[in-house]
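Order of the sequence lines sets the chain letters (A, B, ...), proteins ahead of strands, with each chain counted from 1. All figures in this text were calculated on a predicted structure; none of them were measured in a lab.
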Amino acid sequence: MTLESTIQLTAQQAITNLYHTNLPLEQIVLQETRKEFEGQITLVTFPIVRLSKKSPEQTGLELGEYLQKQIKEIAGFNVIKGFLNISITDSYWTGLLEGNILKPDYGQFPPNGKKILIEYSSPNTNKPMHLGHVRNNLIGYAIAEILSAYGYQVTKANLINDRGVHICKSMLAWQLFGNGETPENSGLKGDHLVGKYYVIFDQAYKKQIEELKAAGSTEEEAKKNAPLILQAQDLLIKWENGDQAVINLWKTMNSWVYAGFEETYKKLSISFDKYYYESNTYLLGKDLIEEGLAKNVFFKKPDGSVWIDLTAEGLDEKLVLRADGTSVYMTQDLGTAQLKYNDFQMDESMYVVGNEQDYHFKVLFLILKKLGKTWANGLYHLSYGMVDLPSGKMKSREGTVVDADDLIHEMITTAQKRTEELGKTAEFSTQKKKDLYRIIGLGALKYFLLKVEPKKRLLFDPNESIDFQGHTGPFIQYTYARINSILTKASYASTNKTKRSSTLTIIERDLLVLLSQYPSIIEIAAKEYNPAQIANYAFELAKCYNKFYHEEPILKAEDNLKQFRLDLSAATASVIKKGMHLLGISVPDSM
RNA sequence: GCCUCCAUAGCUCAGCUGGAUAGAGCAACGGUUUUCUAAACCGUGGGUCUCAGGUUCGAAUCCUGAUGGAGGUACCA
């Protein structure tokens, strides 16, 4: 049991004994004591005043005395208005170091027996990834790590959108204009090569539309009748019919894209346990349509199309199967949801997908519930905000995208430049430098994207480089490197007993209090599905350590104190490393 | 039209199960290096928490409405 819950329970007991009434536990509010007051834990006594029928001050005093008598870790208290500020003994805080914080599994919750499947990334194979995908990848990966630390058994899945008319557009453009270009003979990364033809298609298509309009067609007719779009649609039909030549081309071009994606994932240290391919799942779901018709969840319109009426839920009617019997997005997703459940029997299934699809997922989950799928209650859409540029939304076809590979490269280059300017790495080996620049550059990028709550939209200005100072990844990495340097110089080894002869300094205690909060931060991040909680905590911790580092000598302290401060430093380094690891960010030994 | 989400310092963001004087970083200005890594630390200035009501001992936080912004509302995905 944590000290906080002990205080809560004892306070509840105190209310029963002193005032002869009961107060539910959740109404006993504890918060961190604000810096300007003495104490570490504060009990808000306003809600209790109406039970005690005494002034807030008197109530606070009575509760404080009761708590101090019952709980040996309480060293003292003070009352200011409706706030009972409780001071905890130094030995409690120092005891946490060896007892908890320095243990290798600090922050790892025991298994909770629940399985969760997290689908994220889910790229299309017609173009390379951009900054929006990077945000998706990082959020998905971080959530997987956080939930894993919280005790879930996590499976990371990637559903690749590898078929459809958009893929055929790239294929067609390559056939028409490619002249046999391959990643090998052009030196282009596979996904970029395919993306290039996607853009070429679009340009040529637009040109045809203009020509048709000039010849008297309406915009709509032109879009529909342009030869290129007809050819692309023809290609899709051939693909669906298994035309060998088309399938071969599709396989070849997709293999280029996969090689490209793997490279990007590797650079981002993103990984998956399970891949689904839409080419294997796009026909699923039709049996669920039959099931829904039989259960009268769906209805058929005269033209044969199948719908669900959600007007009672405040939504619209939604198409689930086309009149010609072919699937729509919803059909596939229904089938894929069932497939995932058949594969894993998970308790929860998460989709990390942008907020532009909020409505789709609302409907998807609702339909599955209406179909009577009990597992549908475990479905969750982790909806995140779009990454916008100052000019607005990124659009692949208009070239207003921040390319993932370009950005990663730029970040690493910038990291190199900054580091060399500081001149600290002169004697590093070439390999060590290379690793370091990668760690710092990616640390800056990942932190930048993860420190913002997922649901909020994110503004990225390509003209303003991502910071390396202040509230950034490199700041935290630097703090780690600094600690590592001290520990190395001291040939640090953890002892079994951390003793602190004199009283703790304020900053030492602040640091210990922060360190003690790490597990509860993980819990909050896991419950909120919010990696930004971890990111902001790591920053607070690093900031607090830097202050400590400036205020107190470590290596020059006398033996007992020195060992304590080394333990404190080691604990901080360990928590920083773990926290950053949850975000997929590495920390360097020196920088 | 209807639905959903967002609005906090010049900029980027924390804080939101209601609690003390609303916090960081960047940018601006000033200071700290014979001392463990200055990617650091300390200080100054900067706020009608979009607006208007309501709930209450207490509202940035909850409720209602308005305004502004984003997204959705396709036999696209």
Undergrad: Could you list the residues that satisfy ring-ring contact (aromatic ring centres under 6.0 Å, His included) with A:Tyr518, not counting sequence neighbours?
TA: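 Per chain and number, A:Tyr518 pairs via ring-ring contact (aromatic ring centres under 6.0 Å, His included) with A:Tyr106, A:Tyr537.
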Undergrad: Which pairs count as salt bridge (Lys or Arg N to Asp or Glu O under 4.0 Å) when at least one residue sits in residues 456-465 of chain A, sequence neighbours excluded?
TA: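 For residues 456-465 of chain A: A:Asp388-A:Arg457.
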Undergrad: For A:Tyr329, check ring-ring contact (aromatic ring centres under 6.0 Å, His included) against everything at least two apart and list the hits.
TA: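 ring-ring contact (aromatic ring centres under 6.0 Å, His included) check on A:Tyr329 returns A:His360.
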Undergrad: Output the residues of residues 29-38 of chain A in contact with RNA chain B, where contact means a heavy atom of the residue under 4.0 Å from an atom of the strand; sort by number or write none.
TA: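 Residues of residues 29-38 of chain A under 4.0 Å from RNA chain B: A:Gln31, A:Arg34, A:Phe37.
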Undergrad: I'd like to check the salt bridge (charged side-chain N to carboxylate O under 4.0 Å, His left out) partners of A:Glu420; sequence neighbours left out, ordered by chain and number.
TA: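 Not a single residue meets the salt bridge (charged side-chain N to carboxylate O under 4.0 Å, His left out) criterion with A:Glu420.
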Undergrad: Which dot-bracket notation, 5' to 3', represents the base pairing of RNA chain B when pairs are defined as Watson-Crick or G-U with both distances under 3.5 Å, crossing pairs as [ ], and inter-strand pairs as |?
TA: (((((((..((((.....[...)))).(((((.......))))).....(((((..]....))))))))))))....
Undergrad: Which part of the nucleic acid does A:Asn484 contact within heavy-atom distance under 4.0 Å: base, sugar-phosphate only, or nothing?
TA: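 A:Asn484: no heavy atom of the nucleic acid under 4.0 Å.
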Undergrad: Using a cut-off of 4.0 Å between protein heavy atoms and nucleotide atoms, how would you tag nucleotides 71-77 of chain B 5' to 3' with B, S and -?
TA: SSS-BSB
Undergrad: Considering residues at least two apart in sequence or located in another chain, which fulfil the ring-ring contact (aromatic ring centres under 6.0 Å, His included) criterion with A:Tyr545?
TA: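 Partners of A:Tyr545 by the ring-ring contact (aromatic ring centres under 6.0 Å, His included) criterion, ordered by chain and then number, come out as A:Phe548.
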Undergrad: Applying salt bridge (charged side-chain N to carboxylate O under 4.0 Å, His left out), can you list everything that pairs with A:Glu421, at least two apart in sequence or on another chain?
TA: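 With neighbours one apart ignored, the set is empty.
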Undergrad: Using centres under 5.5 Å plus planes under 30 degrees as the test, is A:Phe46 stacked with B:G58?
TA: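 No, A:Phe46 does not stack on the base of B:G58.
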Undergrad: Are A:Lys456 and B:A7 close enough that a side-chain N or O sits under 4.0 Å from OP1 or OP2?
TA: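 So the side-chain polar atoms of A:Lys456 do come within 4.0 Å of the phosphate oxygens OP1 or OP2 of B:A7, strictly under.
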Undergrad: Can you give one letter per nucleotide of nucleotides 34-41 of chain B, 5' to 3': B if a protein heavy atom sits under 4.0 Å from the base, S if only from the sugar-phosphate, - if neither?
TA: -SBBSBBS
Undergrad: What residues, two or more places apart in sequence or in another chain, satisfy salt bridge (charged side-chain N to carboxylate O under 4.0 Å, His left out) together with A:Glu317?
TA: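 Salt bridge (charged side-chain N to carboxylate O under 4.0 Å, His left out) check on A:Glu317 returns A:Lys301.
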Undergrad: Taking only residues two or more places apart in sequence, or in another chain, which ones meet A:Lys223 in a salt bridge (charged side-chain N to carboxylate O under 4.0 Å, His left out)?
TA: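 Here the qualifying residues are A:Glu219.
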